[in-house]
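Within every chain, numbering begins at 1; the chains are lettered A, B, ... in the order of the sequence lines, protein sequences first and strands thereafter.
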Amino acid sequence: MADGPVAELLLRRLEASDGGLDSAELATELGVEHQAVVGAVKSLQALGEVIEAELRSTKRWELTSEGEEIAREGSHEARVFRSIPPEGLAQSELMRLPSGKVGFSKAMSNKWIRVDKSMADGPRVFRVVDSMEDEVQRRLQMVQRGQAEKLGEKERSELRKRKLLAEVTLKTYWVSKGSAFSTSISKQETELSPEMISSGSWQDRPFKPYNFLAQGVLPDSGHLHPLLKVRSQFRQIFLEMGFTEMPTDNFIESSFWNFDALFQPQQHPARDQHDTFFIRDPAEALQLPMDYVQRVKRTHSQGGYGSQGYKYNWKLDEARKNLLRTHTTSASARALYRLAQKKPFTPAKYFSIDRVFRNETLDATHLAEFHQIEGVVADHGLTLGHLMGVLREFFTKLGITQLRFKPAYNPYTEPSMEVFSYHPGLKKWVEVGNSGVFRPEMLLPMGLPENVSVIAWGLSLERPTMIKYGINNIRELVGHKVNLQMVYDSPLCRLDAKPKPPPTQEAA
Amino acid sequence: MPTVSVKRDLLFQALGRTYTDEEFDELCFEFGLELDEITSEKEIISKEQGSVKAAGASDVVLYKIDVPANRYDLLCLEGLVRGLQVFKERIKPPAYKRVMPDGKIQKLIITEETAKIRPFAAAAVLRNIKFTKDRYDSFIELQEKLHQNICRKRALVAIGTHDLDTLSGPFTYTAKRPSDIKFKPLNKTKEYTACELMNIYKTDNHLKQYLHIIENKPLYPVICDSNGVVLSMPPIINGDHSRITVNTRNVFIECTGTDFTKAKIVLDIIVTMFSEYCEKQFTVEAAEVVFPNGKSYTFPELAYRKEIVRADLINKKVGIRETPENLAKLLTRMYLKSEVIGDGNQIEIEIPPTRADIMHACDIVEDAAIAYGYNNIQMTLPKTYTIANQFPLNKLTELLRHDMAAAGFTEVLTFALCSQEDIADKLGVDISATKAVHISNPKTAEFQVARTTLLPGLLKTIAANRKMPLPLKLFEISDIVIKDSNTDVGAKNYRHLCAVYYNKNPGFEIIHGLLDRIMQLLDVPPGEDKEGYVIRASEGPAFFPGRCAEIFARGQSIGKLGVLHPDVITKFELTMPCSSLEINIEPFL
């Protein structure tokens, strides 16, 4: 059987017609809503080549509900004119009539009526002419009869402005027989049901084809944050390389561990209020390892361990000042100090990924807090070549193979090298990390043996993540202003997978 | 990192050859510099103030070069050129010499009043110098660069340079009451007292940043000559009387400060850089500084230090195998005149007064590596054998966050710093009850405290994502910070897990179910016994009355869950009911 009574009727009519049918005309003939015919057309279309339907749009003039009222009862001005008896009507009374206000001004401008303001009981309205032609009503009736085309453009637009007439676009279908035309079409099944399986009826039923171009329904699911997905990958890389994770769960740090222990002098600009968040409460570190503190003090103020030192008056008060750690190197310093206390020395490989804080000016790529990735290797006889070798392996795991090293200055590493990689998209070398060999002035006061070298490198977690996920504003990635849709949509983090080719730039 | 701006053509002229931009960039990279920008005065002005103002400005090409923060000897054209020429072995490093004057030595006498404010000074004379417009500009610019960097914005050291021929020594460095100091300062047409000047300079864009150094001191430092002419009021301004010009032939330089070592370094840098233009090149006329205790010093120090480093140490630290002779050659290219001595494995290195950054053998090792070329070093893997371990707290966090997502919750990452309001007022708690760590110098309210709970960050995340379809199910596992006098710094992080459910209905059962799931994951059975977990009716200002429970697990309270109070919801600019859960996960380690 056909798909519903209208569809069935449509097919019968179509069989009898030569050429085709108009959906609107069919609706009038069948005495059903046009929408019902359109529905039938669509369901027949879905069956394949049974029918062909061509969308046509026609414009038509239709009366508004007010227009229909006027076509029936006359224009407001005509109704006003008719309601005025020969002896006239008080204006106040006229205004109370349903058509009063609109009709009065129109009838006045048509010069059908006049107002006499000299009357004792207030202004009174009189007819000026004995009879009139209600043009508005006549024109609207013409439209009703389907003769809108006979009206001039100007007349139509005037009626439209008065909101009596509206132009409607009617979408109709021109329906003709398709290559597989038939009046006896059976309804297609949409889905396989348990009943069909048990009865075996599925074997005799046609099934409606699927639209494979449509999108599926996404599963309800939770999502991991893209930055933390990248963090997981970096942890994985370090673990694959045999690095042990350092504890970093102390955002509050003393200036001692954050700066002094790293041989960063007390007048260093990083220790400025402008760069570092200091703590008001608790303002000072309560305990410091005083033996070690004395060695650090001596190294800064007088030198030692083969160093000239900075030769300034080192102050314990300055070292006690608490702050929000400005780098995770403070945690590395604590880990190396713990390592130095273990005798005999055992080689170590450490890493950490955690938050650091800077009291900086904020912009699209800088926040007051970000994540730092740090790797450290401590062993006898490590060289700069070893540092470069470890960096090469590390960055290879990130999918970065073209590396270049630039001399640099860091207060606590010497030699120091910035790591650059060639960015094929930007067509230039970009800095991807910073590295170096920790200074003896940092390591020896900790108690590490003299022939032990410690190589280290660091980079931010946000930068590779922004590049990986194509994010330009760091606020869209980190913090509460994150776009959750971006979190929902972000793909797996596969750092060593080949990046998508950059979109071809259009010529400027 | 300081940036030095030099005229390209002047630079190439001094280097004796031209480079393409790429070639010069490459040279910089090799030497540890960075060609940051290629621009012109016109371009700079037009970028900052619009092209109208830039009309008529010079379009001479400028190179902006980033210099490592410890290389004060590269902060001007003269130093850059000398460094690069020595590196390329086109010249030998000059020998800087201090010479005694033919006549009387210039003396600077420090009085004891300076002790409390700026006790140190060093001085020297550049005799028969020949400035040109470019040299003069570079001389002024170098002082500015030194002031901004090693001098720590003049707090540690301030430099004054004077036309010696307008003055008559000996000079006195003293400190006086501001009202007793009166002179005509640089670029002014009349005399002012120090009090008046400090007021005038409050609106001076360049000088206002230095006023705080002496502003609240009872006495201000001042240097006068034997006739009472004021040379300078360090660290603010020089006197107009002794101002130097392009035509000045004899320059008296004084460096005053609170850090004697740095004052001496700064003086050494200025005189080594500009003695190049003296009649007797690279010689500096000595000056004598007499301290209040009667001790007298002769400056500039221009001290050459000798270090002996074994060649195999350099090879071992860098990971190369060069002969001692080659290493000495490499070091000499880095401005460190070196030769092989003793048993043929020792290298004697002369550290010139320009290289105050060389403090230790490791600095010498680095220079050898730079001259060798970092990118020529053979990469090798260390044989360090280690077994990796995860930090247990992070290991647990990683496992949990995956299963939180599997439970249908989406992970967010919020800031560890926030306003007092976020953790107190908005949650109906008094700030004093939070045991929060307070930051002393926040630039905005967003950085007043370290968070004591993860909840505000999650609620703010919802507020920023109100357009997203409901329900919103979010979680975060991260650290909060609480004051704790049992730790060395007086504060401690705790790893929290927080989750919220935001929808048209409060969904307490969903958050409760999530707790049950978390406990299942952590292998904690429900029940009152000491291994189990249980929730008990409780209350809290953040929760709707009667809709809050405290969570006990393994015998201790680990957090709360409940339906948030409408006041909390409103204060975070939300409109729907919301239930939340926050626990400390550290007991489950």
Ignoring hydrogens and geometry, is there a side-chain-to-backbone donor-acceptor pair from A:N322 to B:V489 under 3.5 Å? yes

Find the one option among A:R320, A:H380, A:K311, A:E418 whose heavy-atom pairs under 4.5 Å with chain B are most numerous. A:K311

When A:D379, A:N359, A:L239, A:V390 are compared by non-hydrogen pairs under 4.5 Å with chain B, the top option: A:N359

N-O pairing of A:D281 and B:K483 below 4.0 Å: yes

Using a strict cut-off of less than 4.0 Å between a Lys/Arg side-chain nitrogen and an Asp/Glu carboxylate oxygen, indicate whether A:R439 and B:D363 qualify as a salt bridge. yes

Contact origin within A:R355 toward chain B - heavy atom pairs under 4.5 Å: side chain

By a 4.5 Å heavy-atom criterion (distance strictly below it), what part of A:W257 contacts chain B: side chain, backbone, both, or neither? side chain

Turns out that what part of B:K443 lies under 4.5 Å from chain A's heavy atoms comes down to both

Which answer fits B:N70, side chain, backbone, both or neither, if we ask what part of it has an atom under 4.5 Å from a heavy atom of chain A? both

Contact winner vs chain A - B:R495, B:K492, B:H402, heavy-atom pairs under 4.5 Å: B:H402

For the residue pair A:L382 and B:T384, establish whether any side-chain heavy-atom pair is separated by less than 4.5 Å. yes

Looking at A:D272 and B:R152, is there a salt bridge between them, counting it only when a charged N and a carboxylate O are closer than 4.0 Å? yes

Proximity breakdown for A:L288 and chain B, heavy-atom pairs closer than 4.5 Å: neither

Please tell me if the side chains of A:V487 and B:E411 come closer than 4.5 Å, counting only heavy atoms from C-beta onward. no

What part of A:T276 gets closer than 4.5 Å to chain B, counting heavy atoms only: side chain, backbone, both or neither? backbone

Per-residue contact mode, B:L474 against chain A (heavy atom under 4.5 angstrom): side chain

B:E307 versus chain A, heavy atoms under 4.5 Å apart: side chain, backbone, both or neither? side chain

Taking every heavy-atom pair that is under 4.5 Å apart, which of B:N441, B:T461, B:T386 has the most such pairs with chain A? B:N441

Check whether A:E431 gets within reach of chain B through its side chain, its backbone, both or neither, counting any heavy atom under 4.5 Å. neither

Salt bridge present between B:K317 and A:E414 (N-O < 4.0 angstrom): no

Looking at chain A, which one of B:Y385, B:Y374, B:F409, B:F447 has the largest number of heavy-atom pairs inside 4.5 Å, strictly under? B:Y374

So for B:R71, is it side chain, backbone, both, or neither that comes closer than 4.5 Å to the heavy atoms of chain A? neither

Quick check for you: among A:K406, A:Q287, A:M388, A:H268, which has the greatest number of heavy-atom pairs under 4.5 Å with chain B? A:K406

Heavy-atom check, side chain of B:F391 versus side chain of A:D249, under 4.5 Å: yes

Of A:G385, A:P407, A:G389, A:G479, the largest count of non-hydrogen pairs under 4.5 angstrom with chain B goes to A:P407

Just to verify, what does A:F420 make a ring-ring contact (aromatic ring centres under 6.0 Å, His included) with, not counting sequence neighbours? B:F29

Can you tell which of A:F251, A:F243, A:Y312 has the highest number of heavy-atom pairs within less than 4.5 Å of chain B? A:F251

Once you round to the nearest 0.5 Å, how far does CZ of A:R231 lie from CZ of B:R401? 5.5 Å

Assess the residue pair A:S254 and B:D488 against the criterion (side-chain contact (heavy atoms from CB on, under 4.5 Å)); give the C-alpha distance rounded to whole Å, side-chain angles, the decisive distance to 0.1 Å, and a yes or no. CA-CA 9 Å; A:S254 59; B:D488 62 346; 5.9 Å; no

Best-contacting candidate, A:K481, A:Q485, A:K349, against chain B by heavy atom pairs under 4.5 angstrom: A:K349

Does any backbone or side-chain atom of B:Q390 lie under 4.5 Å from a heavy atom of chain A? Answer side chain, backbone, both or neither. both

Which bit of B:K262 comes within less than 4.5 Å of chain A, counting heavy atoms only: side chain, backbone, both or neither? side chain

Contacting region of A:A348 [heavy-atom separation from chain B under 4.5 Å]: backbone

dist A:I353:CD1 -> B:N394:CG (nearest 0.5 Å) comes out at 9.0 Å

Heavy-atom proximity to chain A below 4.5 Å, by part of B:L458: neither

Measure distances from B:S485 to the heavy atoms of chain A and classify the residue's part below 4.5 Å as side chain, backbone, both or neither. both

Can you list the steps and then say if A:Q308 with B:I358 is a side-chain contact (heavy atoms from CB on, under 4.5 Å)? CA-CA 8 Å; A:Q308 298 288 307; B:I358 305 281; over 6 Å; no

Ignoring hydrogens and geometry, is there a side-chain-to-backbone donor-acceptor pair from A:T244 to B:I387 under 3.5 Å? yes

Does any backbone or side-chain atom of B:A436 lie under 4.5 Å from a heavy atom of chain A? Answer side chain, backbone, both or neither. backbone

Between the main-chain N or O of B:G319 and the side-chain N or O of A:H386, is there a donor-acceptor pair closer than 3.5 Å? no

Less than 4.5 Å to any heavy atom of chain A: does that hold for the side chain of B:A406, its backbone, both, or neither? neither

Identify which of B:N389, B:L156, B:D479, B:L472 forms the greatest number of heavy-atom pairs closer than 4.5 Å to chain A. B:N389

Tell me, side chain or backbone of A:L323 under 4.5 Å from chain B's heavy atoms, or both, or neither? neither

Name the region of B:V437, side chain, backbone, both or neither, that has any atom closer than 4.5 Å to a heavy atom of chain A. both

Taking ring-ring contact (aromatic ring centres under 6.0 Å, His included) as the test, write out the residues that go with B:Y502, two or more places apart. none

